[in-house]
Number of protein chains: 4
Amino acid sequence: MARGRKVNSNGERSKQLLREKAIELFSTKGYYQTKISDIVKAANVTQPTFYLYFESKDSLFLDLNEQFQTNLYQNIENVAIQHNSQMPQVLHSIFEYFQENPLLTKIGLYQSEQSHTVKEKLVEILEQIIRKQEQLSDHLDPHIIAECLVGSIERVTLTLLFAKHKTVEELVDQLVSIYYNQTNKVAFLV
Amino acid sequence: MARGRKVNSNGERSKQLLREKAIELFSTKGYYQTKISDIVKAANVTQPTFYLYFESKDSLFLDLNEQFQTNLYQNIENVAIQHNSQMPQVLHSIFEYFQENPLLTKIGLYQSEQSHTVKEKLVEILEQIIRKQEQLSDHLDPHIIAECLVGSIERVTLTLLFAKHKTVEELVDQLVSIYYNQTNKVAFLV
Amino acid sequence: MARGRKVNSNGERSKQLLREKAIELFSTKGYYQTKISDIVKAANVTQPTFYLYFESKDSLFLDLNEQFQTNLYQNIENVAIQHNSQMPQVLHSIFEYFQENPLLTKIGLYQSEQSHTVKEKLVEILEQIIRKQEQLSDHLDPHIIAECLVGSIERVTLTLLFAKHKTVEELVDQLVSIYYNQTNKVAFLV
Amino acid sequence: MARGRKVNSNGERSKQLLREKAIELFSTKGYYQTKISDIVKAANVTQPTFYLYFESKDSLFLDLNEQFQTNLYQNIENVAIQHNSQMPQVLHSIFEYFQENPLLTKIGLYQSEQSHTVKEKLVEILEQIIRKQEQLSDHLDPHIIAECLVGSIERVTLTLLFAKHKTVEELVDQLVSIYYNQTNKVAFLV
DNA sequence: AATGAATGAGCTTTCATTCAT
DNA sequence: GATGAATGAAAGCTCATTCAT
C-alpha cells in the first residue's frame, strides 16, 4: 500500500474508530492483552496512525476511564437533583448508564486500577442517601450497607444486566427489596 | 562463575519459597506486572530454578487459583455438613477462609480470569441455601439474592475485612441482617 | 479541515523561514536531535510544506553547509587579494565571518561531517601564507603550525568569540602574538 | 539457532566484546548512527544479550566517556606529580594517552557532549601550568593561550597523530616550539 | 539442585516522508 | 502555495523461556 493520505480519509473518523476498537478490545481482552497492533488492525490503519491521535496506549486507557467516571457522576448527579436523591431513582440511573455503556463500564468498573476510585465514590454517594432515610435499624451500619450495595450492583451488572437476563427495572426492584424494607419497595414501584 | 547446587539448598524449600513469593507478588501487583525475574529475585534464586519447579508462569498462576478454589470449597463443604447448611455458618466459613488466606484470595477472587468460576460456584452454593429457607417473600428471586450476596461478600472482604476495619463476625452479622430478617439475625449470634 | 493556501502566504517567505528555523535548531540541538517536526513547528507550517522547498532533511543540512563554506572561502579570498595574504588580515576575516554567522558556523564547523573539509581547506590556506613568511625557524614545520593554528581558531571561536568574552581584534592579536611576533614570543618564553 | 547458553560461552568475554565493538562503532559512525543492532551483530550475539550487560545504549555511551575522562585525568596527574607539572611532560602524557586509546579518544574528545567538559578541564590544567611560568609577557593572556593550546592538541591529535603522520614526540616538540621558546624545547628532548 | 549465559518473539514508540485535497 | 491524513521502516527495549555446565 502506498504511503500518505488515503482516499476519502478523515481524521475525526479515524480517531473515533480507533477509540471504539480500543474500547472493544480493552473491555474484552483487558489492558495487557490488548496490543496496539490489535487496535490498529481492527481499525484498519497502521501503528503510527494510532500515535497521531493518542499519546500512548496508557494515556488512551486513562482517558477512557476518565470518560467513564465523568459521565457516570454526571448522570447520577442529574438524577439526584431531579429526584431528591431517592435511592431507587439513583440506582436506576446507575444501571441505566451501565447498560448504555457496557464496554466502557467493563473497562472502568472491572479492569482498570481506577475502578477502586469509582467504587469508593459510589459507596460514598449511596451511603449518604442511606443515612438520609429515617427508620434505620440502629443495628445496621450505613457504611457497610453501602459497601454491600455497591458490591451487589457490581456483580449483578456483570452477570444479570450485561447477560441480558434481567432488565434495569427488575434489578432496581430486587435491590430495593433486599436493602430496604417492604414499604419502600411498594412505594417505589409506581 | 560458580555453578551448581548451593550449600544448604533444598529443593522443596526453594519451591515453597518461590510459591510464596509468587503469591505475594501476584496478589500485590497482578499477573502481568509480576515478572518471573521479580519472583526469583524475591526468592533469591535464579530464573532456571523457577522452571525446575514450575512449568511456566501461567501454569503456576493456574495452580495457585486451583489451590484457592479447592481449599475454599472444602472449607465450605465441611461447614455445610456440620451445620446443616445454615447461612450464617457458611458465610462465616467463607470469610474466615478469606481472612486466613488474604493473598491467595486476592489472586483467586480479584485477579484471575478463573475468579468468575469461583463466584459462580459461590452463587450456586448460596442460592441453594437460600432456597431451603421457608418464608421467602415470593417477590424475591433467590438467584438474584445469591448474586447480590456474592457481590457483597466480594466487596466487603476487600474493603472491610482485609483492611481490618471489621471482623468476620461483624460482617456475617451485618450481611445476615441485610439479607435475612431480624429474627434470624439474633438467632445466629449465639 | 481547511486546506490550501493560507492568506498572506508567500512561498519565498516560507522557505526562508524554514531555513532560518532549521539553522537555529540544527546549530543548537544538532542534526539528529532536530526533527523535521521541530523545524516546521518553529516555522508555523506543516510538514509537507517543508518538502515543498527542500528535498529532504539531509539535503537541507548539506545545503547549509555548502552555504557556510562558499561564503567563508569567498570572504577569505577577498581579503587575501586586498591585503596580499597577510596573516592578521586573513585571521580577522575568518573570525569576522564566524562572528557574523554564529549559527551557521556552529553547524558548518562543529556539527557536520563536512566540517573536516572546511578545516582541511583552512589549513591549506593558512599553510600557504605561513610558507610565504621569511625567517621561519627551520625547526618548525609549516604544516603543523597551520594545523595548530586552525585548532586554536576553532577553539577560541567557540569559547571566547561566541561567548563574547573576546573581540575579533583581541583574538587576532593574541593568535598573532603566539604564532608570529618573535619579540613577544621570546619575552614570554624565557 | 537454539535458545539458551552457547557452548563455551563466557559472560565477561561477551561483555568485553560488546564493549569493544561498541567503541569501534561509536568512534567511527557516531552515537546516533550506531544502532544496538549494529553492535550486537558485530559481537555476534543477540539484542537481549546487550541488555544483559548494559543498561541502555545511552548509559553505555556515558560509561565510555567516563572511562575516557577518568583515565585521562589520572594519567595527567601522575605525570604532573612526577615531573613537577612541566608542560612538555604533561603534553607528552596527554598525547600518549590519546595514542594508546584512539577509539575512546575519538568518542570522548570529538563525539560526545561531554567532550566540552574534558576540554574545559584540560584548559584549566594547562592554564595553571602556564601561569607558573615566570616572565609571561604581559601582553599575552594565559587563559587564551591555554585555550589555543587545547585547540591545537585537539586538532593535531586527529590529523597528525591518529593519521600516524607524526609521533607523540614530534608533536610535543612542535607545540612547545610554538607556545614556548626554543631553549626549553631542546632541554625537553633529552 | 542450581546457575551463568543466552535467545525468540514481540512490544511500544518514533521519524522522515508522501498522497489526496 | 499549503494542508490533513497516513504510512514504511525501523529503533530501543523487555520478557518468558532454555541450553550447557
Side-chain angles (χ1 to χ4, degrees), chain A residues 1-15 32 35-38 40 45-58, chain B residues 1-15 32 35-40 45-53 55-58, chain C residues 1-15 32 35-40 45-53 55-58, chain D residues 1-15 32 35-38 40 45-58:
Chain A
M1 203 182 291
R3 243 194 273 194
R5 183 174 188 163
K6 275 190 200 159
V7 196
N8 253 333
S9 69
N10 171 312
E12 224 23 74
R13 194 189 306 148
S14 292
K15 181 170 184 179
Y32 290 103
K35 318 295 177 192
I36 305 277
S37 62
D38 297 333
V40 299
V45 296
T46 59
Q47 301 231 43
T49 300
F50 178 91
Y51 290 92
L52 207 57
Y53 299 111
F54 307 102
E55 239 184 52
S56 68
K57 182 186 172 183
D58 203 62
Chain B
M1 293 276 157
R3 245 161 286 159
R5 185 175 173 168
K6 267 195 214 161
V7 221
N8 267 335
S9 72
N10 171 309
E12 241 358 273
R13 232 184 124 267
S14 290
K15 181 170 184 178
Y32 290 103
K35 321 289 174 206
I36 301 280
S37 61
D38 296 334
I39 298 173
V40 298
V45 298
T46 59
Q47 305 224 35
T49 299
F50 178 92
Y51 289 91
L52 212 57
Y53 299 111
E55 229 182 65
S56 67
K57 182 187 177 184
D58 203 60
Chain C
M1 294 278 153
R3 245 163 285 160
R5 185 173 175 169
K6 268 194 213 158
V7 220
N8 266 337
S9 72
N10 170 309
E12 243 353 277
R13 229 182 130 269
S14 291
K15 181 172 185 177
Y32 290 101
K35 322 288 176 207
I36 302 281
S37 60
D38 297 334
I39 299 173
V40 299
V45 296
T46 59
Q47 303 224 37
T49 301
F50 178 92
Y51 289 92
L52 212 56
Y53 299 112
E55 230 182 63
S56 68
K57 182 186 177 184
D58 202 61
Chain D
M1 203 182 292
R3 244 194 272 194
R5 184 174 185 163
K6 276 189 200 161
V7 197
N8 254 332
S9 69
N10 172 311
E12 225 22 76
R13 195 189 304 147
S14 292
K15 180 171 184 177
Y32 291 102
K35 318 294 178 194
I36 306 277
S37 61
D38 297 334
V40 299
V45 296
T46 58
Q47 298 230 42
T49 301
F50 178 92
Y51 290 92
L52 209 55
Y53 299 112
F54 306 102
E55 236 183 55
S56 68
K57 183 186 174 184
D58 203 61

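Order of the sequence lines sets the chain letters (A, B, ...), proteins ahead of strands, with each chain counted from 1. The shown structure was predicted, so the numbers you read here are calculated from the model rather than taken from an experiment.
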task = Indicate for each nucleotide in nucleotides 16-21 of chain E, in 5' to 3' sequence, whether protein heavy atoms under 4.0 Å reach the base (B), only the sugar-phosphate (S), or nothing (-).
result = BBBBBB

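Qualifying ring-ring contact (aromatic ring centres under 6.0 Å, His included) partners for C:Tyr53, counting only residues two or more places apart in sequence or in other chains: none. With sequence neighbours left out, the ring-ring contact (aromatic ring centres under 6.0 Å, His included) criterion links B:Tyr32 to A:Tyr32. Residues that satisfy the side chain to side chain contact (heavy atoms under 4.5 Å, CB included) test with C:Glu12, not counting sequence neighbours, are C:Asn10, C:Lys15. Applying the side chain to side chain contact (heavy atoms under 4.5 Å, CB included) test to D:Asn8 and every residue at least two apart in sequence or in another chain returns nothing.
The closest side-chain heavy-atom distance from D:Lys6 to D:Val45 is below 4.5 Å.
Here C:Thr46 does not reach the OP1 or OP2 of F:dG4: none of its side-chain N or O atoms lies under 4.0 Å away. For E:dA2, the OP1/OP2 oxygens have a side-chain nitrogen or oxygen of B:Ser14 closer than 4.0 Å.
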ask   = When Watson-Crick pairs (N1 to N3 and N6-O4 or O6-N4) and G-U wobble pairs (N1-O2 and O6-N3) count only below 3.5 Å on both distances, what is the dot-bracket string of DNA chain E, with | for other-strand pairs?
value = .||||||||||||||||||||

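For C:Val40 against C:Thr46, the heavy-atom pair with the smallest separation is CG1-O, 3.8 Å.
With DNA chain F read from its 5' end, the first of the two nearest nucleotides for A:Lys15 and C:Val45 is the one closest to C:Val45. Summary of the strand contacts: B:Glu12 and D:Tyr53 both lie near DNA chain E, and taking for each the nucleotide with the nearest heavy atom, the more 5' one is attributed to B:Glu12.
One distance of note links OG1 of B:Thr49 with CD1 of B:Ile39; it measures 13.0 Å at 0.5 Å rounding.
Here the P atom of nucleotide E:dG4 and the CZ atom of D:Arg13 are 17 Å apart, to the nearest Å.
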